[in-house]
Amino acid sequence: MSPRVRFAPSPTGALHIGGARTAIYNWAFARATEGTFVLRIDDTDAERSTPENTAQILRSMRWLGIDWDEGPEVGGPHEPYFQTQRAGRYAAALERMKASGTAYPCFCSAAELEAKREIARAGEGPTGYDRTCRGIDPSVAAARIAAGEPHVWRLAVPEDRGDIVVDDIVRGETVFPASAMDDFVLVRSDGTPTYNFATVVDDADMEITHVIRGDDHLSNTPRQILVFEALGHAVPRFAHLSMIWGADGKKLSKRHGATSVEAFREEGYLPEAILNYVALLGWSLDGETTIISRETLAREFSLDRISKNPAIFDFEKLEWMNGVYIRDLSPAGLAEKMIPWLVEAGLTTTADYEARPAWYESLVPLIAERAKRLTDIAPALAFLFTDGVTLDPASADKALGSDAARDSLAAAADALAGLGSWDHDTIESTLRELAVTLGVKPKVLFQAVRVAVTGSVVSPPLFESLALLGKEASVARMRAALHA
RNA sequence: GGCGCGUUCGUCUAGCGGUUAGGACACCGCCCUCUCAAGGCGGAGAUCACGGGUUCGAAUCCCGUACGCGCUACCA
């Protein structure tokens, strides 16, 4: 049987980086094994789940290029894929468990339970439910339920159950003492299922073979195994992933910067880079390769190369990797990606891009190897789109501060103004010859021109910039700088 | 408190009984060069958390300790 895996986010927020990694691993595992990747929305937390969050999660996954074989918007043989729409399945499962005696009603109030927990916690030993209601005679229980008494349904952990062994693919064999398993709640007093019940019912229904999820669920796993067994269903394999931390070793949060996939997109990251970087946070292809395409990931991913230890999210390395992917883009590809950012910055319009795409593509070489994020592009190209340019004071001071620099700039303006043809090579040879004639270092002359034309001592390559800006504008800026 | 998990350069990792402990980011130096980048070359950086074992030999296997994290809910 080919593997069936699932990613089951809770739509209580955006898809964050940890969830994205879980999704990526599930997806990659399914692709590499020719299995099936199911997307299921675990929205049983009615308080915090919203349709907007669900929509955003789907959007983020699509943006990353993670497609699912079954789930929202694509359907599948196990519809519906929203837990809130699967109430019938949970009710049916509970009925089966009632019939087999593996579930029983509990009438203890929240206050009573809390009091007991307090006492237990103060002393030694487990704090789990003390099974007060497990001994209630079924007919008595039925009468109390009929009378409308509030109750939950609990799992009856088998008395003779030995220690529960989870043969985790990532962590190896981990043993949980049966004594530590309490009769936890399956169905709440309002009739809705708890997480540990709903996921198991769904994973069983959907014939999930491998559960790949966050480390925080490892301790829940023995409970879930008990439910699988009570349901008489085969237990899937498990693979628990370590957490992703911020630089301070704490859970990754907004304090550390962007954490949602959406936020990374807004900060100018490419989906390929996020996918690649995040995949490497806890998995490696061979220990050497760092740039890994989506296709390679989908072909080569394997669970046995997942590492056990938690990873700290390194924004700097992600940024470097994003630069790698930006440089890897074709001129047309990067032009298309940068346009929204130029429009956003108020420098141009999509109409202008559509009118002369080739011109925009010719800008790409100026910034491709200088940009780490898409957000770096508009500031670097702004001087090409504005009427004039405001000189950065520090730059002006540095490159135009001396009389020699100003004199050579004036000479350069004159020399360039007289040019018949306006292209990179002509501009370069003109300025180089002028430097010789003037007896100044080329670098000094170039920097003076650079500041006059781009406003800053740091800019894209000079001759290309002048060629793209045009003769009139270039010369005008150089003369304007002399009077500044 | 109980139960579980984790610990290799600053960071991500390779390693699965014998290696000068390898790679990547970041850092430093040199080269290239019209600035900034990108690129090339080189460097520094890890007593493999600590302590005991097992073994001819341990980062690798076993036990313990420390620290960190997770679960211990009618959250997921």
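Letters A, B, ... are given to chains in the order of the sequence lines, protein chains preceding strands, and every chain is numbered from 1. As the structure is a prediction and not an experimental result, all values here were calculated from the model. Note: hydrogens, waters and symmetry copies are ignored here, and every other heavy atom, side chains too, is used.
- Straight-line distance between the C1' atoms of B:G6 and B:C12: roughly 16 Å, to the nearest whole Å.
- Looking only at side-chain heavy atoms (C-beta outward), A:K372 and A:N322 stay at 4.5 Å or farther from each other.
- A gap of 8 Å separates the C1' atoms of B:A21 and B:A59, to the nearest Å.
- Using atom C1' as the reference point in both B:G10 and B:C48, the two lie 16 Å apart (nearest Å).
- Under the ring-ring contact (aromatic ring centres under 6.0 Å, His included) criterion, A:W153 pairs with A:H151, not counting sequence neighbours.
- Taking atom P in both B:G15 and B:G22, one finds a spacing of 14 Å when rounded to whole Å.
- Atom-to-atom, CD of A:E173 to C1' of B:G4 comes out at 14 Å; the value is rounded to the nearest Å.
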>> What does the B/S/- profile of nucleotides 41-47 of chain B look like, 5' to 3', with a 4.0 Å heavy-atom cutoff to protein?
In response: -------

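- Taking atom P on both B:C31 and B:C36, the two are 14 Å apart, rounded to the nearest angstrom.
- Scored by the ring-ring contact (aromatic ring centres under 6.0 Å, His included) test, A:H210 finds A:F29 as partners (sequence neighbours excluded).
- In this structure, A:D183 contributes its side chain and A:V157 its backbone to a donor-acceptor pair below 3.5 Å.
- Across all strands shown, B:U54 forms no Watson-Crick or G-U wobble pair with both distances under 3.5 Å.
- Counting non-hydrogen atoms under 4.0 angstrom, A:R171 reaches the backbone sugars and phosphates but no base.
- No contact: A:F184 has no heavy atom under 4.0 Å from any strand.
- Considering only residues two or more places apart in sequence or on other chains, A:W283 meets the ring-ring contact (aromatic ring centres under 6.0 Å, His included) condition with A:F301.
- If you check every strand for non-hydrogen atoms under 4.0 Å, A:G323 touches nothing.
- The aromatic ring centres of A:F446 and A:F463 sit less than 6.0 Å apart.
- Between the C1' atom of B:C36 and the CD1 atom of A:I377 lies a distance of 15 Å, rounded to the nearest Å.
- With sequence neighbours left out, A:Y81 forms a side chain to side chain donor-acceptor pair (under 3.5 Å) with A:E70.
- The same atom, C1', is picked in B:C75 and in B:C67; the two are 28 Å apart, to the nearest Å.
- For A:Q224, the side chain to side chain donor-acceptor pair (under 3.5 Å) partners two or more places apart in sequence, or in a different chain, are A:N196, A:R213.
- Residue contacts for A:R213: at a heavy-atom cut-off of 4.0 Å it reaches no nucleic acid atom on any strand shown.
- Residues that satisfy the side chain to side chain donor-acceptor pair (under 3.5 Å) test with A:S456, not counting sequence neighbours, are absent from this structure.
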> How does each nucleotide of nucleotides 63-76 of chain B score, in 5' to 3' order, for protein heavy atoms under 4.0 Å: base (B), sugar-phosphate only (S), or none (-)?
Replying inline: -----SSBSSSBSB

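- Searching all strands for a Watson-Crick or G-U wobble partner of B:C25 with both distances below 3.5 Å returns B:G10.
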> Is there a side-chain hydrogen bond (donor to acceptor under 3.5 Å, both in side chains) between A:K116 and A:T132 once you walk through the steps?
Replying inline: CA-CA 11 Å; A:K116 285 178 186 173; A:T132 303; 2.9 Å; yes

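- Taking the C1' atoms as reference points, B:A46 lies 24 Å from B:C41, given to the whole Å.
- Checking B:G4, B:C34, B:G39 against every side-chain atom of A:P177, the shortest atom distance belongs to B:G4.
- Under the side chain to side chain contact (heavy atoms under 4.5 Å, CB included) rule, A:I326 has a single partner from A:L374, A:D376, A:I367, which is A:L374.
- The gap from the C1' atom of B:U60 to that of B:C27 amounts to 30 Å, rounded to the nearest Å.
- Between A:L280 and A:V457, the residue anchored nearer the 5' end of RNA chain B, judged by the nucleotide with its closest heavy atom, is A:L280.
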Please enumerate all protein N or O atoms sitting under 3.5 Å from an N or O of nucleotides 26-32 of chain B, with distances to 0.1 Å.
none

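- For the 3.5 Å distance criterion, the side chains of A:H240 and A:T221 qualify, holding a donor opposite an acceptor.
- Contacts of A:V175 with the nucleic acid, taken as non-hydrogen atoms under 4.0 Å apart, involve only primed sugar atoms and P, OP1 or OP2.
- Less than 4.0 Å separates RNA chain B from at least one heavy atom of each of the following residues of residues 430-446 of chain A: A:R432, A:K443, A:F446.
- With sequence neighbours left out, the side chain to side chain donor-acceptor pair (under 3.5 Å) criterion links A:D203 to A:R6, A:R40.
- Listed by chain and number, the residues in a ring-ring contact (aromatic ring centres under 6.0 Å, His included) with A:F264 are A:Y269, A:F313 (sequence neighbours excluded).
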